[in-house]
Trainee: 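Quick one: this structure, given as C-alpha cells, is what I'll be asking you about.
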Amino acid sequence: MTQRVALATVLDRLAIDAVITGYAVAVDDGAWSDYGALFTPDGRADYRGAGGVEGPADEIARWLEETMRLFPVRQHLIVNRRIDLEDLGGYTGDRAEVRADYLNPMCLAPKTAADEADTPGRADSGQSGVATPDFVTGGRYTFELHRAEPGWLIRTVTVHEKWRRAPGA
C-alpha cells in the first residue's frame, strides 16, 4: 500500500466515523432532517431487532420522531467501531460495513405530581433537576455505507438489541 492509498484509507475511516457519530447526534437531538441527510436516496433503517419497524429512512425518521417523544433525554454511545472498507486490489472501494456496539440510556418524559404519587418506586437521582435513566438498552448496529458525491452515506442500518433495562425491571 502506497502512502497515498494509506492516507486515503485513513481519510475514509475518519469520514465514516463522522457519519456514525452524526447518526447518534441526530437521533439524540431529534434532528430528523439531519438524520435523513445521512442516508442515500434509497437508504433504509431496520429497528425490528429492538421492537421497532423497518423501512425507508424518511419514513423511519417520522417514526423515530413520534417514538422518541417518550424519551426527551437520550444519549447514544456508539463504541467498538469496526470499519471494513471494500478492497479493490489494494485500493479502497466505494462501500463499507461498520459494526459498532451501542449503549443508549434514555429518560422518560417528566411525570406530573399526580403521576409521581402513583409510582413511588420510580428511579430518581435524589437531586433536583438531575435526570437518571429510566430505560437503558445495549446492542450492536450494522451499517452499510456507500460513497456518494457528497461523501459517505448510510445505505442501511440495522439494530441488533442484545439487552434492555426498563422501569420496574
Side-chain angles (χ1 to χ4, degrees), residues 1 3-88 90-107 131 133-166:
M1 181 182 297
Q3 284 185 339
R4 180 171 284 160
V5 171
L7 177 59
T9 299
V10 169
L11 292 173
D12 282 334
R13 288 180 178 280
L14 288 171
I16 289 167
D17 190 74
V19 171
I20 303 306
T21 299
Y23 170 88
V25 170
V27 172
D28 291 345
D29 291 351
W32 306 118
S33 60
D34 293 349
Y35 176 91
L38 295 168
F39 286 83
T40 61
D42 63 342
R44 298 185 71 79
D46 185 350
Y47 290 85
R48 292 175 296 183
V53 299
E54 186 276 338
D58 60 336
E59 289 178 19
I60 297 300
R62 289 190 295 275
W63 173 78
L64 284 170
E65 181 175 17
E66 185 64 31
T67 302
M68 291 296 110
R69 287 183 185 163
L70 296 170
F71 304 101
V73 178
R74 49 195 181 264
Q75 181 179 24
H76 278 77
L77 305 172
I78 301 180
V79 300
N80 300 336
R81 301 173 190 207
R82 285 182 67 178
I83 300 172
D84 294 319
L85 295 164
E86 178 182 37
D87 184 353
L88 300 176
Y91 294 92
T92 302
D94 293 334
R95 290 188 295 227
E97 181 180 272
V98 177
R99 290 178 308 278
D101 295 334
Y102 69 86
L103 176 65
N104 186 12
M106 299 180 284
C107 297
D134 298 298
F135 186 88
V136 182
T137 180
R140 180 165 291 157
Y141 285 115
T142 303
F143 295 91
E144 179 188 337
L145 293 97
H146 287 197
R147 187 193 319 262
E149 183 57 36
W152 287 95
L153 296 171
I154 300 169
R155 179 143 191 293
T156 64
V157 58
T158 304
V159 179
H160 309 276
E161 185 178 80
K162 293 183 178 183
W163 61 271
R164 73 171 60 177
R165 188 183 77 220

Trainee: I'd like to know if the side chain of T92 pairs up with that of T9 as donor and acceptor (distance under 3.5 Å, no hydrogens or angles considered).
Mentor: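 Looking only at side-chain atoms, T9 and T92 do form a donor-acceptor pair, the distance falling under 3.5 Å.
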Trainee: Indicate yes or no for a side-chain donor-acceptor contact from T137 to the backbone of W163 under 3.5 Å, with no hydrogens or angles considered.
Mentor: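 Yes, the answer is positive, given that a donor and an acceptor are paired below the 3.5 Å cut-off.
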Trainee: Parallel under 30°, tilted from 30 to 60°, perpendicular over 60°: which one fits the rings of Y23 and H76?
Mentor: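 Because their plane-to-plane angle is over 60°, the rings of Y23 and H76 count as perpendicular.
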Trainee: If I take atom CG from residue L38 and atom OG from residue S33, how far apart are they, to the nearest 0.5 angstrom?
Mentor: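 One gets 10.0 Å once the value is rounded to the nearest 0.5 Å.
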Trainee: Could you state the interatomic distance from CD (E97) to CZ (F143), rounded to the nearest 0.5 Å?
Mentor: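 The distance works out to 11.0 Å.
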Trainee: In Å, rounded to the nearest 0.5 Å, how long is the span from CZ of F71 to CZ of F135?
Mentor: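 Taking CZ in F71 and CZ in F135, the distance rounds to 5.0 Å.
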Trainee: Kindly indicate whether the side chain of R155, heavy atoms from C-beta on, has any atom under 4.5 Å from the side chain of D42.
Mentor: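 In contact.
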Trainee: Hey, are E144 and R95 close enough for a salt bridge, meaning a charged N less than 4.0 Å from a carboxylate O?
Mentor: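 Salt bridge between E144 and R95, a charged N being under 4.0 Å from a carboxylate O: no.
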Trainee: Out of curiosity, H160 NE2 to D101 CG, how far, rounded to the nearest 0.5 Å?
Mentor: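 Reported value, rounded in 0.5 Å steps: 11.0 Å.
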Trainee: Among pairs that include at least one residue of residues 14-38, which meet salt bridge (charged side-chain N to carboxylate O under 4.0 Å, His left out), considering only residues two or more places apart or in two chains?
Mentor: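 Sorted result for residues 14-38: D17-R81.
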Trainee: Using side-chain heavy atoms (C-beta onward) and a distance below 4.5 Å, is M106 in contact with D134?
Mentor: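 M106 vs D134: side chains apart.
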Trainee: Does any part of the side chain of L145, heavy atoms only, come nearer than 4.5 Å to the side chain of V98, both counted from C-beta?
Mentor: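 A side-chain contact under 4.5 Å exists here.
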Trainee: Work out which heavy atom in A45 is nearest to a heavy atom in Y35; give both atom names and the distance.
Mentor: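 Closest pair (atom of A45, atom of Y35, distance): CB-OH, 3.6 Å.
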Trainee: Please determine whether the number of non-hydrogen atoms from other residues, nucleotides or ligands lying under 6.0 Å from atom CZ of R82 exceeds 12.
Mentor: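 Open: at most 12 neighbouring heavy atoms sit under 6.0 Å from CZ of R82.
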Trainee: Supply the atom-to-atom distance D94 CG to L88 CG, rounded to the nearest 0.5 angstrom.
Mentor: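 Spacing of CG (D94) from CG (L88) equals 7.5 Å.
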Trainee: Considering residues at least two apart in sequence or located in another chain, which fulfil the ring-ring contact (aromatic ring centres under 6.0 Å, His included) criterion with Y102?
Mentor: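 Expected list: Y141.
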Trainee: What's the spacing between E65 CD and R62 CZ if we round to 0.5 Å?
Mentor: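 Answer for the CD-CZ pair, E65 versus R62, is 9.5 Å.
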Trainee: Could you give all pairs that pass the ring pair (Phe, Tyr, Trp, His ring centres under 6.0 Å) test and reach residues 51-70, with sequence neighbours left out?
Mentor: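 Found Y47-W63.
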Trainee: Do R69 side-chain atoms and E66 backbone N/O form a donor-acceptor pair below 3.5 Å?
Mentor: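 No; zero donor-acceptor contacts below 3.5 Å.
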Trainee: With heavy-atom distances below 4.5 Å as the criterion, would you say the side chains of R44 and D46 are in contact?
Mentor: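 With C-beta onward as the side chain, the pair stays apart.
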Trainee: Might you point out which heavy atoms bring A148 and L153 nearest each other, and give the distance in Å?
Mentor: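 Nearest pair, atom of A148 first, then L153: CB-CD1, 3.8 Å.
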Trainee: Should W32 and M68 count as side-chain neighbours, where that means a heavy-atom distance under 4.5 Å?
Mentor: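 In contact.
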Trainee: Apply side-chain contact (heavy atoms from CB on, under 4.5 Å) to residues I154 and V19 and explain how you reach the verdict.
Mentor: CA-CA 8 Å; I154 300 169; V19 171; 3.7 Å; yes
Trainee: Less than 4.5 Å apart, any side-chain heavy atom of R99 and any of D84?
Mentor: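 Touching, per the 4.5 Å side-chain cut-off.
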Trainee: With a 4.5 Å heavy-atom cut-off, do L85 and R13 have their side chains touching?
Mentor: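 A side-chain contact under 4.5 Å exists here.
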Trainee: With no hydrogens and no angle check, is any side-chain donor or acceptor of R74 less than 3.5 Å from a backbone partner on V27?
Mentor: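 It does hold such a pair.
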Trainee: Considering all heavy atoms of both residues, which atom of C107 and which atom of P72 are nearest to each other, and what is their separation?
Mentor: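 For C107 and P72, the tightest heavy-atom pair comes out as O-CD, 3.4 Å.
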Trainee: Flag the pair L103 / V136 as yes when at least one side-chain heavy-atom distance between them is below 4.5 Å, and no otherwise.
Mentor: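 Side-chain contact under 4.5 Å: yes.
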Trainee: At their closest point, which heavy atom of A50 faces which heavy atom of V159, and how far apart are they?
Mentor: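 Heavy atoms of A50 and V159 come nearest at CB-CG1, 3.9 Å.
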Trainee: Side chain of R147, backbone of G93: donor and acceptor closer than 3.5 Å?
Mentor: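 Yes: the side chain of R147 pairs with the backbone of G93.
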